[in-house]
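Every heavy atom of this structure was used, including side-chain atoms; hydrogens, water molecules and symmetry mates were not. Convention: sequence-line order gives letters A, B, ...; per-chain numbering from 1. Treat the numbers as computed from the prediction; the structure is a model and nothing was measured.
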Amino acid sequence: MQQIFSRAALGAASLTFAGTAPVMAQSIDEKVNQLFADSTGWFVSFIFSPFPGTSFPWIVAWLVVAASVFTLYFAFVQFRNFGHAISLVKGDYSDPNDAGEVSHFQALATALSGTVGLGNIAGVAVAVGIGGPGATFWMILAGLMGMASKFTECTLGVKYRNEYPDGTVSGGPMYYLTKGFAERGLPGGKILAVLFSIFCILGALGGGNMFQANQAHQQISGIVGEYPGWITGVIFAAVVFAVIVGGLKSIARVTEKVVPFMGVTYVLAALVIIIMNADQIGWAFGQIFEGAFTGLGVAGGMVGALIQGFKRAAFSNEAGVGSAAIAHSAVRTKEPITEGFVSLLEPFIDTVVICTMTALVIIISGQLVTDPETGLYIVGESGMIQTADGSSGVSLTSAAFASAFSWFPYVLALAVVLFAFSTMISWSYYGLKAWTYLFGEGKNKEIVFKVIFCIFVIIGAAANLGPVIDFSDAAIFAMAVVNVFGLYFLMPIVKRELQSYSARLKSGEIRKFH
Amino acid sequence: MSEKFVVGYDGSVTARRALDFALSRAKAQGGTILLVHVLEWSPYSFLTPQELEERHKRRREEMDRAKHHILEPVITEISDQGVEVTSELRYGKTADVICEIATDQKATQIIIGRDGHSALSARVFGSVASALVQIAPVPCTIVP
């Protein structure tokens, strides 16, 4: 069925491209891929180097330790203030006279549209495809703990943002690292801020751009048939260019409206599939728990599952990475800590809810092949679990949804393209903020970054998944290295804010307006 | 007791007709006019990161524009005619804000123009006039 559709759709194109073109195109893709893998390999191996004598990457430990430290230091703020976070988002505590300013809801929604996306669809498939169902357990745990990291960084993001005389605001780790360190009389804030900005630019080009373009291409070619990646890249780059350079607000606006709708559709579809297979929910959770501690035959066993789960969770909800602090810092509030509370909902929605849905659908659909005798998953040579039709990444999710609704891959393709696009728009902004922090504000300087950003869209679509995903992860985790390091020094400031706010909330000084 | 007319005013032709109607009543019955200009806004709309950054600046610009180009000219004009006039500039959902102000300020009547959308678009998106008819706390006149 898919074959017939693909031939029909590609009919016209392949007639004109017949002959040498496909061969040439393929070699462009290969060259780009080779060049890319060669030039980024050292960076990737440094970030993911394991502790000596183990297979456990130090960076994963770094994030887990950070999330645990913040969780304990703020005494489980993510659970104690969960309800308060929801009433803040609802606007219960918003001053009616501030209507027309950025609300908590809007800051959260914008930050979410930057994180909800391919990480939730493709990333989870990668995690479950390598780490087995057990990876889901570690992913959820990482999501719950990550809420505390997000709380810390977003509170600081608002507290130390720059407010310019013309009324615009700029915030993010580069600002709190500089100002916060200076306030505490610590040296090195500026160096950290510069390092963060460099990694943020790389992360914007990697996870926020190339990974998105790559998976969007994989999704489209899965439906219309194989064709060279650079074609998708050029089209995507043109649209992104029109929005971020051309200032075409209408496209951005349409995307911002459609993306939440697609997100809801995705979750509903997943829920329907899960409910349709209600008898398997118990079994699926059994697999998740058993896999979490035994690995059920996956490469690396329990540790393999754990690494995949934590990696994907961090990549999806970006807790500790520092990107969300940039998006959240525009909110209008007298209390920076309120934005911290609101932001802790982000990893919850992103990872604990949406990622878990994807994982459950993949597990329930039976796409992962098990050995009927041992009940263990069969692992191929690449370290990936064998799937029913050999798919991985976003096509694995697609195949899982298709097992329930044959038409869903089309909806998913559209969702992936839109998610990819909105994530690119968000990250182009994060990257730009880091860029202007390094090089100063100015129209020409901004255009240089935006053009580079568009070029990377094409590279990302043309390269293979492997090198792209490695580089994306590496760049984003490099941001977390700097950011988390800074957070350790700044967390007493957040604690003071938390204590003061909690006391005033308790005494009734801070009251609901509605 | 003197009448207090709340007039929804956005500078449009229909709003002008509503204002003229209110003016004639105020002169005839001896009343005051409260102009209400609402900048349509929902705290639950979606914005891009760029828009978030500029929101505070835009809000200031929007309020300045509304104040200087929409409200101030008519306020001068009404005062010149010897009718007492005040104004309110708010963000929110037009119908809700008008009702809120009418209640708070103890107005006796709301007067608005019809927004002139087609029946279909009014059905889909709702119109201020039809919303007010449903929720107005005081008598409401809709001027065609």
Side-chain angles (χ1 to χ4, degrees), chain A residues 89-91 94 96-114 161-172 243-244 247 249 251-261 323-324 326-332 422 425-433 446, chain B residues 6 8-11 34 36-71 86-105 121 124-126 128 131 135 137:
Chain A
V89 174
K90 274 164 60 195
S94 308
N97 291 323
D98 281 344
E101 302 277 10
V102 175
S103 66
H104 284 304
F105 178 90
Q106 284 165 325
L108 177 67
T110 304
L112 263 178
S113 82
R161 63 185 167 188
N162 269 9
E163 291 183 60
Y164 300 108
D166 72 347
T168 55
V169 287
S170 270
V243 173
I244 64 174
K249 284 242 168 69
I251 298 180
R253 198 151 292 157
V254 169
T255 318
E256 297 302 316
K257 293 235 166 19
V258 180
V259 162
F261 175 76
S323 53
I326 304 177
H328 279 282
S329 57
V331 74
R332 202 79 204 157
S422 78
I425 299 296
S426 295
W427 273 92
S428 76
Y429 178 79
Y430 302 156
L432 183 67
K433 285 282 118 184
E446 289 186 6
Chain B
V6 167
Y9 187 75
D10 62 358
L34 171 54
V36 178
H37 182 63
V38 184
L39 294 154
E40 196 63 33
W41 169 258
S42 162
Y44 304 112
S45 60
F46 286 86
L47 302 174
T48 63
Q50 189 75 40
E51 288 173 306
L52 288 189
E53 176 186 326
E54 291 168 355
R55 188 61 226 154
H56 185 60
K57 179 182 164 194
R58 296 262 171 273
R59 179 178 188 261
R60 226 158 49 186
E61 289 167 1
E62 286 162 7
M63 290 187 78
D64 268 1
R65 203 179 309 131
K67 200 169 154 215
H68 297 307
H69 296 286
I70 298 177
L71 290 175
T86 50
S87 70
E88 286 266 1
L89 179 55
R90 294 261 196 97
Y91 274 87
K93 292 223 176 303
T94 310
D96 294 346
V97 172
I98 290 179
C99 291
E100 213 180 288
I101 291 174
T103 314
D104 290 350
Q105 308 260 358
S121 76
V124 177
F125 302 110
V128 174
I135 59 171

The interface call for A:Val89 against chain B, heavy-atom contacts under 4.5 Å, is backbone
Any idea which of [options] has the most non-hydrogen atom pairs under 4.5 angstrom with chain B?
options                                : value
A:Val331, A:Leu108, A:Asp166, A:Leu432 : A:Asp166
A:Gly167, A:Gly114, A:Ala109           : A:Gly167
A:Pro260, A:Ala107, A:Ser170           : A:Pro260
A:Ala99, A:Gly100, A:Ala327            : A:Gly100

Distance-minimising heavy-atom pair for [X] and [Y]:
X        : Y        : value
B:Arg60  : A:Pro165 : NH2-O, 3.2 Å
A:Ser426 : B:Pro49  : CA-CG, 4.0 Å
B:Lys57  : A:Thr168 : CD-CG2, 3.7 Å
B:Pro43  : A:Ser103 : O-OG, 2.6 Å

Between B:Tyr91 (side chain only) and A:Pro96 (backbone N and O only), is there a donor and an acceptor less than 3.5 Å apart?
no
Thinking salt bridges, do A:Glu101 and B:Arg55 make one under a 4.0 Å N-O criterion?
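Salt bridge between A:Glu101 and B:Arg55, a charged N being under 4.0 Å from a carboxylate O: no.
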Any side-chain heavy-atom pair from B:Glu53 and A:Lys433 closer than 4.5 angstrom?
yes
Of the backbone (N, CA, C, O) and the side chain (C-beta and beyond), which part of B:Leu47 lies under 4.5 Å from a heavy atom of chain A, both, or neither?
both
